Number of protein chains: 2
Amino acid sequence: MNTKNAVTLLASLAQEARLEIFRLLVQAGPSGLAAGDIASKLNIPTSTLSFHLKELTHAGLLNAAQAGRFIYYSAAFNIMDDLLGFLTENCCQGVQSCEPKLCNTQSNEKE
Amino acid sequence: MNTKNAVTLLASLAQEARLEIFRLLVQAGPSGLAAGDIASKLNIPTSTLSFHLKELTHAGLLNAAQAGRFIYYSAAFNIMDDLLGFLTENCCQGVQSCEPKLCNTQSNEKE
DNA sequence: GCATTATTTCTATATTTATGGAAATATAGA
DNA sequence: TCTATATTTCCATAAATATAGAAATAATGC
């Protein structure tokens, strides 16, 4: 992860429709949702939705999987994890005792 | 935290100069840095920097504190925490055993 | 009040991004 | 092959955003 990469990811989330799409898919979990389901749940015209799905997918935040006539989109949890890690990197110069919760975000045990 | 609010925060980070400013301040910790220090560390013209500091501050991601002729900017850790929480809300429909690390981000003990 | 330093506002220009209708493309089943 | 459904591409228009020089504002100490 580097600055340019992170900017692309953040920009892909920094738009109302796209953020709602992403959150919906975070909640849907790894199996994701078909594009049409997303369109109807969020009430977005399909051409507009397609534009936003492309943005998110190109950025790397969504995975797309074709299944027959449907395309299932799901959140790329690993990429999102990387982004959060990048944002909190070396928080407070690495001082462990630093108060902000942000500084402890990393402390979920390493894999 | 709601969608519009989160979009404002994400948009404020979705720009190379601003992301670098924010990360620099996350690393600097609660005491922050003076605007001029930020300008020289990141090599950004002061008028451009001022524009970006305003964006970040208006969004709520930075705090500004005047000290004599200097203005110290620092990261608003609590706002960032809220944003991360919003992004991961109800991850995988709340299923605790869900694999992605993202889903466990919240599990830093509550305050 | 004057000089110095820190920061912001103003301004114009250039660039990027969002929107949604209409048409095109893809997939599957009869 | 024909039809129905799912999704994307094309397009024009509208709106938002980034850049940095020059001028303005603020704070300090003499």
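Quick caveat, the model's predicted, so the values are computed rather than measured. Heavy-atom basis, side chains included; hydrogens, waters and symmetry copies ignored. Residue numbers start from 1 in every chain, and the chains themselves are labelled A, B, ... in the order their sequence lines are given, proteins ahead of strands.
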Between the CG atom in L9(A) and the CG atom in L84(A), the distance rounded to the nearest 0.5 Å is 10.0 Å
Would you check if the side chain of N90(B) reaches a backbone N or O of Q93(B) as a donor-acceptor pair within less than 3.5 Å?
-> no
Pairs under 3.5 Å (Watson-Crick or G-U), crossing ones as [ ], inter-strand ones as |: DNA chain C comes out as ||||||||||||||||||||||||||||||
### Query
L24(A), F51(A): one ILVMFWY side-chain cluster at the under-4.5 Å cut-off?
no
When rounded to whole Å, the CG to C1' distance for the pair L49(A) and dG21(C) reads 15 Å
Protein N or O to nucleotides 5-7 of chain C N or O, pairs below 3.5 Å:
unit_1: dA6(C); atom_1: O3'; unit_2: R69(B); atom_2: O; d: 3.2
unit_1: dT7(C); atom_1: OP1; unit_2: A35(B); atom_2: N; d: 3.2
unit_1: dT7(C); atom_1: OP1; unit_2: I71(B); atom_2: N; d: 3.2
unit_1: dT7(C); atom_1: OP2; unit_2: G36(B); atom_2: N; d: 2.5

Value for CG (L87(A)) from CG (L10(A)), rounded to nearest 0.5 Å, stands at 5.5 Å
Its contact letters, B for base, S for sugar-phosphate only and - for none at protein heavy atoms under 4.0 Å, make nucleotides 11-21 of chain D read -------SBBB
Here the distance between atom C1' of dT28(D) and atom CD of Q66(B), to the nearest Å, is 11 Å
Side chains of L61(B) and L25(B) in contact at under 4.5 Å (non-hydrogen atoms): no
Taken to the nearest 0.5 Å, the spacing of T88(B) OG1 from R23(A) CZ works out to 9.0 Å
By nearest-nucleotide position on DNA chain C, the 5'-leaning member of G68(A) and K54(B) is K54(B)
One should read off an interatomic distance between I44(A) CD1 and R18(A) CZ, to the nearest 0.5 angstrom, of 10.5 Å
When every non-hydrogen atom of M80(B) is compared with those of L13(B), the smallest separation belongs to CE-CD1, 4.0 Å
T57(B) side-chain N/O to L53(B) backbone N/O, donor-acceptor pair under 3.5 Å: yes
* Asked: Quick check: does any side chain N or O of Q66(A) sit under 3.5 Å from a backbone N or O of G68(A), one acting as donor and the other as acceptor?
  -> yes
